[in-house]
Amino acid sequence: MAGLLDGVEVLVAGGGNAGICAAIAAAEAGAHVLLLESLGPEVRGGNSKYTRNVRTASHAYPADEMLADLLKVTGDGINRDLARFTIEQSRDLPEWMARHGVRWQAPLRGTLQLGRTNHFFLGGGKALLNTYYRRAAALGIRVEYDVRVTEIVMERERLRGVWVDRRGTRSFVKTGALVAASGGYESNREWLRREWGEAADQFVIRGTAANDGLLLSRLFDLGARRMGNPRGFHAIAVDARSPRYDGGIATRVDSVSLGIVVNAEGKRFYDEGEDIWPKRYATWGKLIAEQPGQIAFSIFDSQAYGKFVPACYPPHRSETIEGIARELRLDHAVLRATVDEYNQHVMPGTFDRTRLDELATWGLTPPKSNWARPIDKPPYYAYAVRPGITFTFLGVGVDEGARVVDANGSALPGIFAAGEIMAGNVLSNGYLAGFGMTIGTVFGRIAGEGAAHYARQRSPD
Ligand SMILES: Cc1cc2nc3c(=O)[nH]c(=O)nc-3n(C[C@H](O)[C@H](O)[C@H](O)COP(=O)(O)OP(=O)(O)OC[C@H]3O[C@@H](n4cnc5c(N)ncnc54)[C@H](O)[C@@H]3O)c2cc1C
């Protein structure tokens, strides 16, 4: 390929947070680094450009507490040692990030109360990525856009290089080490359909259309261990009017815990007040994916209106529940009965959305365990919501050195992974807000350093 270096030391595939952190760490460890990104510079940054914060352990948020929070949401099926390791390593992130130019801002007020646990980037993920890309340029890292890595070539147990595609032209790039940081498989409809059947056609992909899992499947072909639940993903409730890709953060619907949620049959199906919203918001995408037609409706009244972070679309509004049912094309008698039944089971108590207020229903199935107030103060509001897939959890197995390992735990020589592509080691079912960037930053740094070392020490061909 014209212009691409022949014989680079470290090649990073993917230019999101994990990839750019790996590139910076590799360059700082003395390696010649080439970063290849499948999309153009104007949309660079993958899903990372949509982010706002990173979760880290600290004095105020001990590692044990963070691990307990993670285990509570993600359940079994993860590598607990690696999860603990990730959390321990996260302590250093704010300092490392600040050293590379990242600036912070006060946490957003609203339904995600994350001030103690998460750091918010000044200007959000785009500013974060731009800062890192400037740092990368200063370090002499070469970045090539519109180049998709399509194959990984190993010969006699040695990494040779990768095949790439730039606008239909195929070329081979030789490299000493590879960092795979090309995200999950969430934008690959065919793969999603294999796991979720036709329901996948209704999924909204919140991030980039480029994370198609090609390198993930190539690594599996090379014998990489599979980690994480193949059906596992971070998925939230997004407005049903969202674009199919790249809606970003603005389409999220945060009203769930302040009202009730019904399916297309007008029936409630889950406890809307199960836990503090940041710990539970990511269960709703999957819950909606399991409902008929993969659609649901968040319904609330004027007491809740304005008390959550608004989505970019206005909610449906009516003076009556019957009017709301008409707007949503639900059976109005069924919706009326659902709201009445819920209202009759709400117990007295003091509402406080900043904590588990135990303002609950009594004798209702499913229950609402917190923030349960009758829905009886017009006007009434509703959002139609769909599963909004953020990223998938199926990944390649890695060790603490971010080396990709096979089923026996042996490293695939010269191949490292960071970010969503290895998130399945530490995420299997649920998700903890801000942990995606923790994973990418922790393992990006480790992968970059490890790849630089590997490339430097490897014997000549
Ligand atoms: C709307 C939204 C909001 C989010 N908010 C947060 C948040 O506030 N905090 C948080 O922790 N997490 C958040 N996340 C999750 C977070 O974005 C991810 O966990 C994280 O960005 C993953 O980083 P990554 O580098 O692995 O992937 P990405 O940032 O997606 O980068 C992968 C890159 O690889 C490129 N690529 C793909 N295939 C190839 C290939 N074959 N060759 C070359 N390049 C390729 C893609 O174009 C992309 O640029 C959010 C996600 C979304 C969608």
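Ligands are counted one by one from 1 in listed order, and the atoms in each one are counted from 1 as well.
Aromatic ring pairs are classed by plane angle as parallel below 30°, tilted from 30° to 60° and perpendicular above 60°; the pair Y431 and H234 is perpendicular. A tilted orientation is assigned to the rings of F85 and F443, their planes being inclined by 30° to 60°. Between Y132 and W96, the ring planes lie tilted relative to each other; the angle falls in the 30° to 60° range. Using cut-offs of 30° and 60° for the angle between ring planes, the F233 and F203 rings count as perpendicular. Using cut-offs of 30° and 60° for the angle between ring planes, the F300 and Y305 rings count as parallel.
With respect to the salt-bridge test (charged N to carboxylate O, under 4.0 angstrom), the residues R44 and E37 do not qualify. Classification of R84 and D64 as a salt-bridged pair holds, one side-chain N sitting under 4.0 Å from a carboxylate O. Using a 4.0 Å cut-off between a side-chain N of Lys or Arg and a carboxylate O of Asp or Glu, D357 and R355 do not qualify as a salt bridge. For R317 and E327, the salt-bridge test fails: no basic side-chain N is under 4.0 Å from an acidic carboxylate O. Of the charged side-chain nitrogens involved, none lies within less than 4.0 Å of a carboxylate oxygen, so that D69 and K72 do not count as a salt-bridged pair.
When only interatomic distances are considered, the shortest N/O to N/O separation between V149 and ligand 1 falls below 3.5 Å. Between V54 and ligand 1, not a single N/O pair is under 3.5 Å apart. The shortest N or O to N or O distance between N211 and ligand 1 is under 3.5 Å. Taking distance alone, with nitrogen or oxygen atoms compared against 3.5 Å, T438 stays at or beyond that limit from ligand 1. Among the atoms of E420, some N or O lies under 3.5 angstrom from an N or O of ligand 1. Inclusion of G46 in the set of residues having an N or O under 3.5 Å from an N or O of ligand 1 is warranted. Residue contacts with ligand 1: T390 is placed with no nitrogen or oxygen under 3.5 Å of a nitrogen or oxygen of the ligand (distance criterion only). Distances between N or O atoms of T51 and those of ligand 1 include no value under 3.5 Å.
For ligand 1, the atoms sitting less than 4.0 Å from at least one non-hydrogen atom of V147 are 43 (C), numbered in the order shown with element in parentheses. Atom numbering of ligand 1 starts at 1 in the shown order; those under 4.0 Å from a heavy atom of F435 are 11 (O). Atoms of ligand 1 lying under 4.0 Å from at least one heavy atom of L36, given by number and element, are 43 (C), 44 (N). In summary, the atoms of ligand 1 found under 4.0 Å from a heavy atom of G436, numbered by their order in the structure, are 11 (O), 19 (O). Applying the 4.0 Å criterion to heavy atoms of I249 picks out, from ligand 1, the atoms 1 (C). Close approach of ligand 1 to G434 is summarised as follows: ligand atoms under 4.0 Å from at least one heavy atom of the residue are 9 (N), 10 (C), 11 (O).
At a 4.0 Å cut-off, at least one heavy atom of G45 sits close enough to ligand 1 to count as contact. Assignment of I439 to the shell around ligand 1 is not supported, since no heavy atom sits closer than 4.0 Å. Assignment of G248 to the shell around ligand 1 is supported, since a heavy atom sits closer than 4.0 Å. Ligand 1 lies nowhere less than 4.0 angstrom from a heavy atom belonging to L214.
A distance of 8.5 Å separates OG1 in T175 from CD in E9, rounded to the nearest 0.5 Å.
Nearest to atom 12 (N) of ligand 1 by heavy atom, out of Y185, Y431, F391, is Y431. Heavy-atom proximity to atom 23 (O) of ligand 1, evaluated over A181, S48, G440, G419, is greatest for S48. Relative to atom 36 (N) of ligand 1, the option among G19, A18, S38 with the closest non-hydrogen atom is S38.
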Test log, rule salt bridge (Lys or Arg N to Asp or Glu O under 4.0 Å), inputs D212 and R148: CA-CA 11 Å; D212 61 4; R148 186 169 180 237; 2.5 Å; yes

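Note that R226 lies in the cation-pi zone of F220, set by a 6.0 Å cut-off to the ring centre and a 45° limit from the axis.
Residue-level proximity to ligand 1 for N47 is carried by backbone and side chain together, each with a heavy atom below 4.0 angstrom.
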